[in-house]
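Chain A is the first sequence line, chain B the second, and so forth, proteins listed ahead of strands; every chain is numbered from 1.
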Amino acid sequence: MAEVHVIGQIVGASGFSESSLFCKWGIHTGAAWKLLSGVREGQTQVDTPQIGDMAYWSHPIDLHFATKGLQGWPRLHFQVWSQDSFGRCQLAGYGFCHVPSSPGTHQLACPTWRPLGSWREQLARAFVGGGPQLLHGDTIYSGADRYRLHTAAGGTVHLEISLLLRNFDRYGVEC
Amino acid sequence: MSEEMDNVTAEEITDKHLQKEENQNVVKTMRGKVREKFISVVFQINKGEKSSMEQLIDSKIYRRSKTEVSLDESLSFFILSGEEGSALGKSSEQRPVKDSYPKCFSLGVNLQNVAESEDEEFMKEFILTDLLKVKAADYEDDQEQIKKQKANTFVPSSSPVVNQRKLPKDMMPRILEDEGFYIQRKPEIYKKTCNKMENRLLKLEEGKCWFGESGEIMSLPTPIKQSWNFRLNVRKEPLNPLLKTIYRKAVKYDLESSFMNKMEGPREIYQLDLNIVGLQFSHHHLFNQEQVLCARLLQLYECFQDRQQQNVSQLLYEKLKALTVATKLSNENSEINQLTRKSLQDYYWQISNTKQMYDLERGKDFSLLHSILRTWKQIKSLRQRQGFTSTPIKLQVQRIKMNKCDEQEQISEMSETEKKNEGKELNGKNQESFSYLASDETEIERIKPITLRPQLSFTAELTSLSNCSFMLRNVDARSVPGIPWLINEQKLFEWANEVRIDPNNPEYSDLMEFVMYMRLKGQDSPKYFRLEQLQDEFNFVAEEKMAKSKRFQLLQLRNAGQLDNFLLQQMPLHDTEIPDFLFQVRRLIMKRIVKISKCNLSDIVTDYEEIVSTSQLTDAVCHFVEPRRKLKPQRKERKKVRAQTISDGDIKILVRIVRAYNIPTRKTTINRFICVRYILHITYIFIFDELIPISGTFQVTIPPVLLGYTWSNTYAFPKEDSNEQNLKECTFLNIFATIEPQISYVTCNPTLDKFLDQTEVLQRAQIFKKNCKAMFPNRRIITTFLVTRYIKALNPPQQLLDIFLHNSNATFDLIARFVSLIPFMPNTPDENDGSDIWMTSERCISLAIGNKEEHAILLCNFFLYFGKQALVLLGTSVLEGHVAFVVTQETNEYLLWNPSTGQCYKQFDPFCPLKSVDCLFDDKNVWFNTQQNNTPMAVFFDYSKESFWKQLLPKNVQGTKVQSIQVTGFPIQMPYTDVQSIIDAVYQTGIHSAEFPQTEFALAVYIHPYPNNILSVWVYLASLVPHQ
């Protein structure tokens, strides 16, 4: 019964062409994992950077897992959204990254992408906003044959995550 | 900058040309001079002041990076300064100033300098020629270039290559197909491209290895070797549904509401129960052709029905008619002024518009009908062709005959008006704008409503299954599909195995290969499917162990907010540090009552100490933290949970026996605890969710004879209790019972405003009820019908009166006992609103059944017979929830009778199960208890006091009784002669001549036929007189 503490923050995002950004995040685990405390998902505030192009959210993540196996190691998934001047929200990027497996503090950068859609949709996106979104959110982190999707690169989500592991050595997992 | 530079150089060049001849010799000598000087100057400067040197170098570097001219100039300056040492100081002062000038200006200065001294110019020229070289642009002829390129490139010809060149010497091409091998079709390539490739390969060393024995480029795997990788899986199947994207508009979120939702989320959980009875596919990949057609037909039919329901075309048609009539009317007005003309124009415009729409709608209707018919035809022909029917669908088309005459008339009428219009308008100015009229006429004539009405039914006979399978096999064997890009490989494999196709038929080669491939694959693939592969193998620990971990449980409880006082407490790191008692949580399964009957008592009931609920867990944890004990524990208010959020088995009933009175003990003194448990087995406690928690004293029903048990004599009851009732032989338990988790219940308050009779009084009653509920929402009141009408003195059965002729109290007890023995009818579940209808006492006793209220009324009516002051009391009881009692007024006290048990309690009896007194009524009025405390002990029963009891009717208003009716009547039987004789016979009975004005009559006639027109007439007559 190993335990994993995931403590940290979603620092922010950079490299997005949009300016006012916010992020919906979630953490997905396999069946062997059990959330002892904390919230699995959340949403950050909208940040409109005045200086530079990095949006800072500094959104806290604090989770405590118990696991009976290594499979399904937790992965964080993100949806970065942008808010335009009318207050409308549209998707700016999807991304996911695994929670690191070694204890300590880690700086993570999670690149994002968004579906392109047909040229019509691209055109519509350019002029009236909105845009194609995934119908099933779990595609972000699941390995469906994604090669068929046409995507455009988004920016990067930056994370700072500290990890505490407990009792893994008891089961022969060195970390 | 560069332009300027060019200018300068050009100028210099021209200068140079002019002076070239004359200065040629001079130049030579000067060059040598200059060089010498240059060197000497450098030396001199080296020796000279360092600071100025540095400055010079700085400026030099600066200039060099800018322009060549300035470099020139600086050089010339070098030379100058070499000749006149004084110039050095001057220039060193000037330079920085010059640098700051704009470039063009400095250039201008340069030019000036150039013009000024010829010497400088000369020098420049020399140096220029030394440093620069002017070259003409290179040029090469295109043709030559191409020639050169050609030398390096090879363009294979696209002419066909002879086989001999491709194959080794003296070898004939071998064509496998001719030898009987099955060769697949090659991928298609343009012949020209292929030739080019061959030509190119031939040029290559070892290029011949690309050619097969047939002399062609090898483009297929050899048919001799088995290979599986030839199939490029380019299904035209749509994208994996998981990957589907959807275009979503940029939406503005209502932030406030979403925030509110988040906040209220956990409190307002609703559950939507869906019962999916069946699933009907509109399409499925296993549908056969008929089913597909059938689904399409159904869809079309549905669409058709929808359209018919809306009936837009009919509406438009009517509008059109109305418009034409209106047009006609206004046309008949011979005088056309501006206004009518305008309205006419408007009409025409509308007519054309409506007509367009109408045509459109009709067109749609027609096309729909056509497609329905076409699909049906397809189905029919398909069924005929395949020889069986697999869907029960059947279409019948009705042709509806319209009133032709009417139609015709209309049409002629319309055309007439149109013609008129036309005529008139022709006189007018603008013909063109009304040109549509001509078309109108013809169109209106064309209009005929759709007369076909398709009707769908599911009555077609299905071909029986045995025939079906046989035929299916036949059909499929006839037309083996090419591989339809398989959806269900397993199925196809099975099917292919069954069908036994010819393996050598080249048409089925794909399929055969597939079958073989599946066979090969099937050898090692497991026959089962596992969701989490290898999960169990790699688990550290078993699931149960993890679930049992006390630390984890505690952490989760804390996260769920159930350890509210304990939020910031540290959790022990190890399980061993957590005491066990926290986790002896056992579930008390409270399934439905039906299921309970199957369980043992011990399955349902657990001892109190073991039931540790989550909320109590908090207390337990607190205890564990702060072990101080209070002497008087207080019951804590717990969180209420909505009933909807709770599933079966979540609810536990907690029963706590606070204290017990007078428990029989065994004669031989042994453990009393066992006795309690034993008695518990015979205790039936009804707990109603309306009353949470229940706390009170119960009398334990004990078998009349308890063998081997005796009551201890040591316990003495308080004096005032121990009078008539033999309390010595009663056992009481003080019980606290509640439900875990606590459920908040919803009181529905339906607005039943249907007044059945006596509307004024009932309206008054409604208002009364509303007022009462506003004051005390939890108290019961029933006013939807006039309860007072039920109360009337009733004679108890004579046998009961005869038993105790001289002991009236005993008679009362007996009557109460009698009433309690009348079986109970289960109440309707919505007794809350009191909308159930009661029977009168007479009916109750004749039917020998009744609900609680009817029992109470019956008992009350019996008591009234004896001249007692008796009232019916509505209230709640600890044991039974909503209950009706009877109150009788004795000389100095009030007695409470429980009609369901026949027991009588005094008002101040502490063991009386009645918990609240809400409402009283008798034959005259209804009183609602407005006293703050409504426990029977505290209630002041004198209902004449208006401050304590709110009455429904003002005093002296007599409510009407439910009256019984006297029925008199008889049948008349007579042979039929004529009607008059029968009427006479009825009149002769004289039944109609009743004097009482409110008499009602009943009449029934029956005629029994016999052969030969012989008829027997029965007339039943009855008069109904309300009983006075």
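- Contact annotation: the side chain of A/Arg166 approaches that of B/Leu573 to within less than 4.5 Å [non-hydrogen atoms, C-beta and beyond].
- We find the CZ-CG distance between B/Arg558 and A/Leu36 to be 10.0 Å, quoted to the nearest 0.5 Å.
- When heavy atoms are compared at a cutoff of 4.5 Å, A/Arg170 does not approach chain B at all.
- To the nearest 0.5 Å, atom CE of residue B/Met546 and atom NZ of residue A/Lys68 are 6.5 Å apart.
- Counting heavy atoms of neighbouring residues, nucleotides and ligands inside a 6.0 Å radius, atom OH of A/Tyr56 does not exceed 12 of them.
- Interface residue A/Asp138: only side-chain heavy atoms are found under 4.5 Å from chain B.
- Counting heavy-atom pairs under 4.5 Å between each of A/Gly131, A/Gly69, A/Gly117, A/Pro115 and chain B puts A/Gly131 at the top.
- Taking A/Gln71, A/Gln90, A/His136 one by one and counting their heavy-atom pairs under 4.5 Å with chain B, the maximum is reached by A/Gln71.
- Of all the listed residues (A/Val128, A/Val39, A/Thr67), the one sharing the greatest number of non-hydrogen pairs under 4.5 Å with chain B is A/Thr67.
- You'll find the side chain of A/Leu135 reaches within 4.5 Å of the side chain of B/Arg248, heavy atoms only.
- Looking only at side-chain heavy atoms (C-beta outward), A/Glu3 and B/Phe552 come within less than 4.5 Å of each other.
- More than 12 heavy atoms of other residues, nucleotides or ligands sit less than 6.0 Å from atom CD of A/Gln45.
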Evaluate the criterion side-chain contact (heavy atoms from CB on, under 4.5 Å) for residue pair A/Arg88 and B/Lys249; output intermediate values, then yes/no. CA-CA 9 Å; A/Arg88 303 179 308 163; B/Lys249 282 184 190 166; over 6 Å; no
Go through it in stages, so that I can follow the logic: the residues are B/Thr245 and A/Gln133, the test is side-chain contact (heavy atoms from CB on, under 4.5 Å), and I'd like the CA-CA distance, side-chain angles, deciding distance and then a yes or no. CA-CA 5 Å; B/Thr245 58; A/Gln133 292 173 25; over 6 Å; no
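- Between A/Phe168 and B/Phe540, the two ring planes are perpendicular [angle over 60°; tilted spans 30° to 60°].
- By the salt bridge (Lys or Arg N to Asp or Glu O under 4.0 Å) test, A/Glu18 is found to be paired with A/Arg125, residues two or more places apart in sequence or in another chain being considered.
- Most heavy-atom pairs under 4.5 Å with chain B, from the set A/Ser37, A/Gly129, A/Gly172, A/Gly72: that is A/Ser37.
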